[in-house]
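Reading through the structure tokens given below for one structure.
Each chain gets a letter, A, B and so on, in the order its sequence line appears, and its residues count up from 1.
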Protein chains: 2
Amino acid sequence: MTTRRLSRAEIVLVGTELVCGQRTDKNGPFLAMELSRAGFEPARITMLPDWRTSVAAEIAEAMDRGPALVCVCGGLGPTSDDVTREAVAEALGVGILIDGAARAQVRGRAARFGDVIDEAIDRQAMVFPGARWYPNGIGVAPGLSIRRGGTTLFLLPGPPDEMQAMFRNAVLPEIAGTGQVRFSRILRTAGLREVAVAEMAETVMSNWQALSVAYLPAPGLVDVVLSSDDGPKLDAAASAVRAALASGVYAEDDRSLEEVVGALLAQRFERVVTAESCTGGLVAELLTSVPGSSRYFPGGVVAYSNELKQSLLGVSRELLDRHGAVSGEAATAMAEGARSRLGAEWAISVTGIAGPDGGTADKPVGLVFHGLAGPAGVEFSRHTLGGDRTAVRTASARLALDLLRRRLTLS
Amino acid sequence: MTTRRLSRAEIVLVGTELVCGQRTDKNGPFLAMELSRAGFEPARITMLPDWRTSVAAEIAEAMDRGPALVCVCGGLGPTSDDVTREAVAEALGVGILIDGAARAQVRGRAARFGDVIDEAIDRQAMVFPGARWYPNGIGVAPGLSIRRGGTTLFLLPGPPDEMQAMFRNAVLPEIAGTGQVRFSRILRTAGLREVAVAEMAETVMSNWQALSVAYLPAPGLVDVVLSSDDGPKLDAAASAVRAALASGVYAEDDRSLEEVVGALLAQRFERVVTAESCTGGLVAELLTSVPGSSRYFPGGVVAYSNELKQSLLGVSRELLDRHGAVSGEAATAMAEGARSRLGAEWAISVTGIAGPDGGTADKPVGLVFHGLAGPAGVEFSRHTLGGDRTAVRTASARLALDLLRRRLTLS
């Protein structure tokens, strides 16, 4: 799909904890995002344990692939499992020696933290011939860079705060202007399945060359990311795709669905309350995850049992007996009950079967009903959702918010 | 540090969004943790964009390195950017054809979600000669496995719920018993800070050699992972650390805090209701994330506004005026109100300042009160929590559950 030739960048993350699943890495996404913004195309992120031979082999292969940049994070500290400097020396076939100025800087930083100055501390001041080194303004270990052919190799510390500061202070100024400008646009959709979004987008996409598209699905949501080297062409294509996706698009920036719904309510000085069964509080939780949500969200009810659907929301026993708690009728009554009893312009409700158990032939796992009560009356929608319990609940909660969004956008 | 020679495993994650920093990957840590538990040593995690040639090259290199397992996630869907099957065919030099049985399964799954059956949908049923395929019980795309020399290559879907289900149902049974045994023990704690946990653990740890320990903190929780090659030594050490951590330990297996609390309630045939302010429904959401929670959770109230604290929970206007909504008095009254109005043996409440705004010198961001009402009366606790809005809310919700857990464990 890619027709651009951007300068490529590779990222290598060193640390046994990263490949054991014990820690979720933050350096990869940070570097990927920053390098993309600087006009480089991240072509690979590799996580390796603290094994010198593996790190050396990967760095040798990365240099062979010849990207514009290779950023290596981690393994620059003083302990015996910090092997990155030696691995790079091995991969490049160069020596490595303590640099006097770097040693003075390292000793100064280490003293500040009360470390005893010994051989292990001084190891952090080892530099390759022809390399540049960068002082660490937050921790101790300096960073390094060295050029080979068209590739610049950066070695950065592993702790995210140290890495980010060094990236901003040392790497960015050095790579500024060397990447290529790339334009991208995001269209965030709710209430549509990925295949439907792709079909709608691709009917208009075929008219546009030199454009790449990615679909990023999450339960209840699909982001469409368009990118191109050609700004005006991208704008025209984004407008066409935007029109094809119509009311499915809830944002064209990084705002979440709950932020968009909150902003729509706040603009109108209106409020919403919630009545939840299968989502168990998730709709309220999403709404209140946004700072300032008390302006438009007074509260809600989690009526998991039929008894509480009756006592807290006024759903009648006869309705539950006749239609079941998972029905359009129940969703409607829950929304009406919440609107009148909790007191707000809008009420949204959810009732469904999140699974894994509780499904029947008539009412399978994944079946959910949403109710929306407002000044002009009440409506409900019905969906059959895929995924496990968490995915069904998450998609259900977002579809409840989306039902309100679509109503607020229309009226 | 490693003295064992474990069978190695490599993980390849395919998706342009992963190397652009747009999505934080969850599949790598899941697979790394599961493969470690099954006795394999994760030797590399590679993230690649949806570029067929890069994916093919990486898979060819991974096969050359000859690990016991290569798990590839992502790129098995129906859209044009799903390239994993073709890339693997290229890397292995094999053909790829639509399998009749796989097609029937794929069409059935797709129809269930209302997708239009076309060529794109059918592409997901392509299988290599000699490969096995695994139905997708959650989404649509099947998984695949193929052996070459001593290496088994698994292709798994990218959405985490689909991948995890397929890993458990198809991959684990196939690799069971082929890894090497390594011993580890987990002690999961709640309500303690990481430094406190480490201090408590390390007073007894100094007596034990050849033992490694990791502290994995999350808001409100700290997991302690002990590992060793020596099973009996590990058991003795774990018992000593367990005793030092005392009532802080809520599980010694992979159960979550909400599962443990639910099991304690279910054992006693008792129920809990919730009254939440700053957590906005998160306590109810955690409780109902556990299948079967309707046995012990009838429901709860999110009383975000003071009006709803009065009308839904019966908290008096005078109390709110005198002590404020963020106070031990309010937490107590919320728990009592929920217990009597919603009707359960236990009620837990949370009120606090999640931030980023709303803090004062007296009542800073991060200040939270928890109430617990039960058959013998009502109590409250007070904490000052660090972190951003999400961290404060998450830790607050877990501390509410932990307050109940400690009470249920005592009585």
Where on [X] is there a heavy atom nearer than 4.5 Å to chain A: the side chain, the backbone, both, or neither?
X	answer
S293(B)	both
D357(B)	neither
R65(B)	side chain
L342(B)	both
Q164(B)	neither
P78(B)	side chain
N27(B)	neither
S311(B)	neither

Picking from [options], which has the most non-hydrogen pairs under 4.5 angstrom with chain B?
options	value
G299(A), P291(A), P298(A), P42(A)	P298(A)
A397(A), S36(A), G387(A), A354(A)	G387(A)
V195(A), L216(A), T16(A), L48(A)	L216(A)
K26(A), E202(A), E58(A)	E58(A)

So for [X], is it side chain, backbone, both, or neither that comes closer than 4.5 Å to the heavy atoms of chain B?
X	value
L312(A)	side chain
V19(A)	both
E34(A)	neither
A303(A)	backbone

Do you know which of [options] has the most heavy-atom pairs under 4.5 Å to chain A?
options	result
V83(B), V302(B), I121(B)	V302(B)
S54(B), P356(B), A43(B), S294(B)	A43(B)
T79(B), V290(B), V225(B), D25(B)	V290(B)
E17(B), K309(B), E162(B), E276(B)	E17(B)
A9(B), G300(B), P49(B)	G300(B)
T390(B), N306(B), L282(B)	L282(B)

Taking every non-hydrogen atom, the tightest pair across [X] and [Y]:
X	Y	value
Y304(A)	F297(B)	CD2-O, 3.4 Å
T288(B)	G280(A)	OG1-CA, 3.4 Å
L385(A)	F113(B)	C-CE2, 4.2 Å
R389(A)	S289(B)	NE-O, 3.2 Å

Compare all side-chain heavy atoms of L18(B) with those of I45(A) and state whether any distance is below 4.5 angstrom. no

Non-hydrogen side-chain atoms of T24(A) and T24(B) separated by less than 4.5 Å: yes

Can you tell me how far apart CZ (R341(B)) and CG (L308(A)) are? Round to the nearest 0.5 Å. 13.0 Å

N/O donor-acceptor pair under 3.5 Å between R44(B) side chain and T46(A) backbone: no

Can you tell me which residue pairs pass the salt bridge (Lys or Arg N to Asp or Glu O under 4.0 Å) test with a partner in residues 297-306 of chain B, sequence neighbours excluded? none

Salt bridge (charged side-chain N to carboxylate O under 4.0 Å, His left out) with E285(A): which residues, sequence neighbours excluded? R393(B)

